[in-house]
Amino acid sequence: MKITTWNVNSLKARMPYVTAWIEIAKPDVLCLQETKLKTEAFPFAEFANLGYESVHCGQGQWNGVAILSRVGLENDFHNFDEQSGIPMMETPVDSAGSADSADTTSNSTSQSAAQGTLQNAAEPEARLIWATCGGVRVASAYVPNGRELNHPHYHYKLRWLSCLRAHLDLRESPEAPVVVTGDFNIAPADNDVWDIEAFADNTHVSVPEREKLREVCEWGLNDVFRDRYGHTDGLYTYWDYRAGRFNRREGMRIDYILASAPLSKNLNWIVLDRNARKTWGEDKPSDHAPLTASFEI
DNA sequence: ATGGTAGGTGGCCTA
C-alpha cells in the first residue's frame, strides 16, 4: 500500500498539479493538508473520476485536511472526538494583529480569533481527519504553525499536540496498523533544517514542541523516513517560496509519515518527491513536496 | 533585522 502526505497550499490553486501528480504516482491513499476549501467545496467528483473516494474537513480560507483512497475509505471523524470530548482543535486565544500576549491558560471566549473572521472562535479549526483505508487507520494532520515562541499560537500548537496524543490513547491501538501523516510544522532534529543557527529562538525547532512530538511518537509511532535514511543531511519536505530557498537547497523536514509497528516493520520504501516542488509547465508547485511510503500489507 | 513569494480575502492575514 502506497500512502502519500502532501501539504498542497490551496487545493483550488493546486488542482491541476495535484491531479497530474496523482496520475503519475498513483498512491493508494493520499492525505492532503491546507486545502483552504470549505468542506463541501472539495472536488469529490473530480477525484472520484480518478478512482478515489475522499473525505474532507475544511473551513475555507485556511487549514483544511482530506484523505483520498482507492482501496476503500470509511468511518472517518474529524476535529475532535465526540465520545471522549477531547477538544482536538480548540481555536487559540489569539488575535491577528492585537499586540497583547493573552494568557494561554484560560480558555478564552470568542472575540476575534482572526479579524473579520467567518469563523466562530469556539469552533475547532480543520486540522485533523481520520479514515480507515484498506484496513489501515489513517490520519491527515495539519499541526498549528506556532508563529513565534512568545505568541499565543505557539501554546496552541503545544496543546494541540497534547490533544493528539490523548486522542491516540483513547481511540487507537499501536498494535493495529496506524499511520499519522501530515504537516507537523516541527523539525525533529537539527539536521532537519538547512542551518540550525538560522533558527535560533524560532518555532519549528524549539525544545518544547520537539518534546510534544516525541510524546506523540512514544504512543507507538515511527518516523519511517528518518528510520530509513538515518542521519543523512539535506532531506527536506518544505522550502519557503521566498528568498529562493528551494534552489538554494534551504528547506525543512516538517512533513512525515508516522507508522505503528505493524506497518513500520513492513516498510518497502519511502520516497520524497523533490521534483514535485518544481514548476511543471503551467502548473505551479506547493511549497511542500509529497512524501510517499510503501508498506507491505 | 528585514525581506523575500504565494495563497487566501476584500481595505491585510497566514505561511
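Heavy-atom basis, side chains included; hydrogens, waters and symmetry copies ignored. Below, read A as the first sequence line, B as the second, and so on, with proteins coming before strands; counting in each chain starts at 1.
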Output the rounded distance in Å from [atom1] ([X]) to [atom2] ([N]).
| X | N | atom1 | atom2 | value |
| --- | --- | --- | --- | --- |
| A:N247 | B:dG4 | CG | P | 18 Å |
| A:N9 | B:dG8 | CG | C1' | 9 Å |
| A:K157 | B:dT14 | NZ | P | 15 Å |
| A:D287 | B:dT5 | CG | C1' | 9 Å |
| A:K12 | B:dG7 | NZ | C1' | 10 Å |
| A:F246 | B:dG4 | CZ | C1' | 17 Å |
| A:E34 | B:dT9 | CD | P | 13 Å |
| A:N145 | B:dG7 | CG | P | 18 Å |

Next item on the list: Going by the side-chain hydrogen bond (donor to acceptor under 3.5 Å, both in side chains) test, name the single residue among A:D183, A:N7, A:T5 that passes it with A:Q33.
Entry: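 With A:Q33 as partner, A:D183, A:N7, A:T5 yield a single side-chain hydrogen bond (donor to acceptor under 3.5 Å, both in side chains), made by A:T5.
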
Between [M] and [N], how far apart are the [atom1] atoms? Round to whole Å, please.
| N | M | atom1 | answer |
| --- | --- | --- | --- |
| B:dC13 | B:dG3 | P | 15 Å |
| B:dG4 | B:dA15 | C1' | 13 Å |
| B:dT14 | B:dG10 | C1' | 15 Å |

Check: OP1 or OP2 of B:dG4 sitting under 4.0 Å from any side-chain N/O of A:R245?
Finding: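 Checking A:R245 against B:dG4: no side-chain N or O falls below 4.0 Å of OP1 or OP2.
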
Next item on the list: Hey, which sits more toward the 5' end of DNA chain B by its nearest nucleotide, A:P285 or A:D183?
Entry: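 That would be A:P285.
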
Item checked: Most 5' of A:L11 and A:Y238 on DNA chain B, judged by nearest nucleotide ->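 Checking each residue's closest nucleotide, the 5'-ward one belongs to A:L11.
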
Proximity to the side chain of [X] - top-ranked nucleotide from [options]:
| X | options | value |
| --- | --- | --- |
| A:K284 | B:dA15, B:dG4, B:dG7 | B:dG7 |
| A:R242 | B:dG8, B:dG4, B:dT14 | B:dG4 |
| A:A243 | B:dG4, B:dA15, B:dG8 | B:dG4 |
| A:Y241 | B:dA15, B:dA6, B:dG4 | B:dA6 |

Notebook entry, point to check: Does A:W160 have its ring centroid less than 6.0 Å away from the ring centroid of A:H153?
Noted result: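 So the answer is no for these two rings.
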
Check: Quick check, are the ring centers of A:W280 and A:Y17 under 6.0 angstrom apart?
Finding: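 Judged by ring-centre distance (under 6.0 Å), A:W280 and A:Y17 do meet the cut-off.
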
Note to self: Atom CG of residue position A:D195 - does it have more than 12 heavy atoms of other residues, nucleotides or ligands inside 6.0 Å?
What the structure shows: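 Atom CG in A:D195 is crowded, with more than 12 foreign heavy atoms closer than 6.0 Å.
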
Item checked: Pairing residues for A:R70 by the salt bridge (Lys or Arg N to Asp or Glu O under 4.0 Å) criterion, not counting sequence neighbours ->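 Scan of A:R70 (salt bridge (Lys or Arg N to Asp or Glu O under 4.0 Å), adjacent residues dropped) gives A:D28.
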
Notebook entry, point to check: With a 4.0 Å cut-off on heavy atoms, is A:R248 in touch with a base, just the backbone sugar-phosphate, or nothing at all?
Noted result: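 It contacts nothing in the nucleic acid.
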
